[in-house]
Amino acid sequence: MPYLTSTATGTATTDLGVGFGVPGYAHPLVAPVEWSELTRPGAPLHWVVLNVSDGPGARPDPHCLEAAGRLRNAGVRVLGHLDVTYGARAFGELVCDAHHYLDWYQVDGFLLDRCPTERTALPEIRRTTGTLRALLGGGHLVLGHGTHPYPGYAETADQLVTFSGPWRDYRWSQVAEWTAEYPPEHFCHFVHGVPRGHLDEALRIARWQGASTIYFTDRTDRGGSAGPWESLPGYWDTLVSRIGTGVSE
């Protein structure tokens, strides 16, 4: 069932208030241009994920510390990457990584990547998010399911990633009916392999399905052998100009 959207009173939006949630670029030494672009005026950023080394790493990384500091100074929310491994990761390990992110990089919240979707896993995710909120003193939490989870997860975090995958699947995707009970600001879509000529179609799908945090790229996962989010889309300026205040090319 499509999500018929409306703009709520008092909500700062551009239509749906569409903006970017950046799943995490490659290390700043490998992708300096990408990290620099995130502080460029005009990019409507909701948040950026910092993934140092499949988590916070073993010690503070000065390059990541500098990149995170520039973003936070520019008013961009930085989230630490926590891999939940579909519920297999130990609670203590997640909390330890969270402490490192807070102590070393002063993050504003967390993306819980590879989050489980089943009802049976919900109590443990509630335990985890409750602990993280206590550590943060609030903060911003995103559950990275990548698909529609059991509806109860919607009450445990600020946002859910309800689609993460290739364009060939996204263009035929369906939205879960229960999502209509929540505003678009509650949902995120990450789509790779989106051709430049289909950007408007992809944005219409996000609007129709009720997701206001997006990340679209023409990069692909090369059949699972590459990270599609690690570099800028070839049409970054075009995408920013479609949903932001405009960027000169």
Side-chain angles (χ1 to χ4, degrees), residues 10-12 17 19-24 45-61 64-65 67-162 164 178-179 181-188 190 211-213:
T11 302
F20 300 121
V22 180
L45 291 166
H46 290 174
W47 41 262
V48 174
V49 174
L50 177 67
N51 187 359
V52 180
S53 179
D54 293 326
R59 60 187 59 85
D61 184 309
C64 291
L65 182 60
R70 285 200 303 266
L71 286 171
R72 297 186 74 246
N73 289 339
V76 178
R77 182 184 283 137
V78 178
L79 306 183
H81 178 275
L82 298 176
D83 188 354
V84 183
T85 324
Y86 305 112
R89 188 90 184 278
F91 173 79
E93 291 180 6
L94 290 170
V95 173
C96 182
D97 279 358
H99 275 291
H100 287 327
Y101 269 119
L102 287 166
D103 292 343
W104 298 342
Y105 303 107
Q106 292 79 53
V107 295
D108 306 293
F110 296 100
L111 168 70
L112 280 67
D113 199 14
R114 298 202 291 175
C115 191
T117 61
E118 302 85 1
R119 182 176 184 174
T120 54
L122 181 55
E124 186 63 16
I125 294 300
R126 282 179 175 155
R127 177 191 181 199
T128 301
T129 57
T131 301
L132 294 177
R133 286 206 189 278
L135 291 176
L136 290 162
H140 191 80
L141 298 180
V142 182
L143 300 184
H145 304 285
T147 188
H148 290 96
Y150 173 72
Y153 284 93
E155 300 298 329
T156 66
D158 299 287
Q159 291 185 297
L160 309 182
V161 180
T162 53
S164 181
W178 63 261
T179 63
E181 299 175 12
Y182 298 88
E185 291 78 12
H186 209 62
F187 301 104
C188 317
F190 301 154
S212 68
T213 297

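Remember, it's a predicted structure, so these values are computed and weren't measured experimentally. Residue indices begin at 1 and follow the sequence shown.
- Heavy-atom minimum distance, Asp83 versus Thr85: OD1-N, 2.9 Å.
- Under the ring-ring contact (aromatic ring centres under 6.0 Å, His included) criterion, His81 pairs with no residue, sequence neighbours left out.
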Given side chain to side chain donor-acceptor pair (under 3.5 Å), test Glu155 with Tyr182 step by step and report yes or no.
CA-CA 10 Å; Glu155 300 298 329; Tyr182 298 88; 2.4 Å; yes

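- Here the OG atom belonging to Ser212 is positioned 11.0 Å from the NE2 atom belonging to His186, to the nearest 0.5 angstrom.
- Ion pairing between Arg77 and Asp158 fails under the 4.0 Å rule for side-chain N and carboxylate O.
- The aromatic rings of Trp104 and His100 lie parallel to each other, with less than 30° between the two planes, well short of the 60° mark.
- In this structure, Arg114 and Val84 have side chains that are not in contact, with every pair of non-hydrogen atoms separated by 4.5 Å or more.
- Using bins of under 30°, 30° to 60° and over 60° for the plane-to-plane angle, the ring pair Tyr101/Phe110 lands in the perpendicular bin.
- Expressed to the nearest 0.5 Å, how far CZ of Phe20 lies from OG1 of Thr213 amounts to 11.0 Å.
- To the nearest 0.5 Å, the span separating CG on Leu160 from OG1 on Thr179 amounts to 10.0 Å.
- For the atom pair Arg127 CZ and Phe91 CZ, the distance stands at 4.0 Å (nearest 0.5 Å).
- Arg72 pairs by the side chain to side chain contact (heavy atoms under 4.5 Å, CB included) definition with Val78, Gln106, Asp108, not counting sequence neighbours.
- Just one residue in the list Leu132, Val49, Thr128, Asp113 forms a side chain to side chain contact (heavy atoms under 4.5 Å, CB included) with Leu82, and that residue is Leu132.
- When side chains are defined from C-beta on, Leu112 counts as touching Thr129, because their heavy atoms get closer than 4.5 Å.
- In this structure, CD in Glu118 is found 10.0 Å from CD1 in Ile125, a value given to the nearest 0.5 Å.
- Pairing each heavy atom of Val107 with each of Leu136, the nearest pair is O-CD2, 4.0 Å.
- Between the CG atom of Leu65 and the OH atom of Tyr105 there is a distance of 7.0 Å, given to the nearest 0.5 Å.
- Residues Val52 and Gly57 approach most closely at CB-N, 4.3 Å, considering heavy atoms.
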